[in-house]
A.B. asks: 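A single structure is presented below for examination.
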There are 2 protein chains.
Amino acid sequence: MNIGDVATASGLPAKTIRYYEDIALVTPKREANGYRVFSENDLHKLRFLARARALGFAIEDCRTLLALYEDKGRSSAEVKELSRKHLDDIDQKIAQLQSMRNTLSHLVEACAGDHRPDCPILNDLGQ
Amino acid sequence: MNIGDVATASGLPAKTIRYYEDIALVTPKREANGYRVFSENDLHKLRFLARARALGFAIEDCRTLLALYEDKGRSSAEVKELSRKHLDDIDQKIAQLQSMRNTLSHLVEACAGDHRPDCPILNDLGQ
DNA sequence: CTTGACCTTCCAGTGACTGGAAGGCCCATG
DNA sequence: CATGGGCCTTCCAGTCACTGGAAGGTCAAG
């Protein structure tokens, strides 16, 4: 398979796949003409990466997860620990966004949004 | 005031304030020795920026908001529109994170997290 | 033989800082 | 007067995970 094929099959842009090769997450072979050749296993890895990234795991975490995935003797504790930490991160981010949302939605509601210059949003920011 | 003073007073790191000068969000004067001198108005702007950033507004939005803040003839409609869009962005981000959180928390719960290699998290990623 | 869809590499930019090096300035103490 | 410590300065590089674009090679169809 060429890069376009695995891009379609994995849902990742070709650019991203090249980048993943750059940072050694996948290591496709090369044809005589220089084109990358992807095996089924490469595609499987790319799909794994796409899913892990979609869950918000950082690239370096994806690298770790992929290594654990391929290590048939790993303990699931390590995976769970990594995932639990990531879940905590997500919860923190959500909490932060919720707090922004709270403040901002109050301000937006209080703002008339007409041609007049009086604006509770700017008033608040200018405290 | 020197940069250290406004850093303390605004809560922004000195590095960040220098960066804000770089991108022309503030324009402090200079003393003969090259040190930046910040006026009360500069400090006021920095506090405005700190609050706007804390609400998650992008730097370019902050620039716009600051300009509107200083334009005493602005219409509040423009401010409200910008804020409403930002609120939508926040909502989208929250939704995305919630969906990650959902999936991931189910997986984490399903994972024994012991010495055995069987792991629902990796099984899911490897689909 | 040309066209168009692939593919390649390399370089630069994104956003909003952040860290660190190398060096100047200022004040107080010995 | 020297020195030490805490300010301040500039400049460069790195972060994260791509993304865009230029310049050019390859391949199959018509």
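Reminder, nothing fancy here: chain letters follow the sequence lines and each chain counts from 1. The analysis underlying the following values was restricted to heavy atoms, covering all of them including side chains, and did not include hydrogens, waters or symmetry mates.
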A.B. asks: Give the residues of residues 87-105 of chain B touching DNA chain D, defined as any heavy atom closer than 4.0 Å, sorted by residue number.
C.D. replies: none
A.B. asks: Atom CG of D22(A) and atom P of dT9(C): how far apart are they, to the nearest Å?
C.D. replies: 9 Å
A.B. asks: Just report the end-to-end axis angle for the helix from dC1(C)-dG30(D) to dG30(C)-dC1(D), five pairs per end, to 10 degrees.
C.D. replies: 30°
A.B. asks: In this structure, how many angstroms lie between the P atom of dA16(C) and the CZ atom of R63(B), rounded?
C.D. replies: 10 Å
A.B. asks: Taking only residues at least two apart or on different chains, which pairs with a member in residues 3-20 of chain B satisfy salt bridge (charged side-chain N to carboxylate O under 4.0 Å, His left out)?
C.D. replies: none
A.B. asks: Is it the case that atom CD in E31(B) sees more than 12 heavy atoms from other parts of the structure closer than 6.0 Å?
C.D. replies: yes
A.B. asks: CG of L25(A) versus C1' of dA17(D): gap in Å, rounded?
C.D. replies: 11 Å
A.B. asks: Among R74(A), H44(A), K45(A), which residue meets the side chain to side chain donor-acceptor pair (under 3.5 Å) test with Y69(A)?
C.D. replies: H44(A)
A.B. asks: Rounding to a whole Å, what distance do you find between R36(A):CZ and dC27(D):C1'?
C.D. replies: 17 Å
A.B. asks: For E31(A) and dT9(C), give me the distance from atom CD to atom P, rounded to whole Å.
C.D. replies: 13 Å
A.B. asks: So, using salt bridge (charged side-chain N to carboxylate O under 4.0 Å, His left out) as the criterion, who are the partners of R51(A) when residues are at least two apart?
C.D. replies: D124(B)
A.B. asks: Does a salt bridge link R116(B) with D118(B), judged by any charged N lying under 4.0 Å from a carboxylate O?
C.D. replies: no
A.B. asks: Taking protein heavy atoms under 4.0 Å as touching, what does nucleotides 17-25 of chain C look like 5' to 3' if B marks base contact, S marks sugar-phosphate-only contact and - marks none?
C.D. replies: BSBB---BB
A.B. asks: Is it true that, when you exclude E78(A) itself, more than 12 heavy atoms of the residues, nucleotides or ligands shown sit nearer than 6.0 Å to its CD?
C.D. replies: no
A.B. asks: Name each donor-acceptor pair under 3.5 Å that joins a side chain in residues 102-113 of chain A to protein atoms two or more places apart or in another chain, with its distance.
C.D. replies:
from: T103(A); atom 1: OG1; to: S99(A); atom 2: O; distance (Å): 3.2
from: S105(A); atom 1: OG; to: R101(A); atom 2: O; distance (Å): 3.0
from: S105(A); atom 1: OG; to: N102(A); atom 2: O; distance (Å): 3.1

A.B. asks: For the pair made of CZ in F57(B) and P in dA16(C), what is the distance, rounded to whole Å?
C.D. replies: 13 Å
A.B. asks: Heavy-atom count check: over 12 atoms from other residues, nucleotides or ligands less than 6.0 Å from Q98(A) CD?
C.D. replies: yes
A.B. asks: Are K93(A) and D89(A) close enough for a salt bridge, meaning some N to O gap below 4.0 Å?
C.D. replies: no
A.B. asks: Are Y35(B) and K29(B) close enough that some pair of their side-chain heavy atoms sits under 4.5 Å apart?
C.D. replies: no
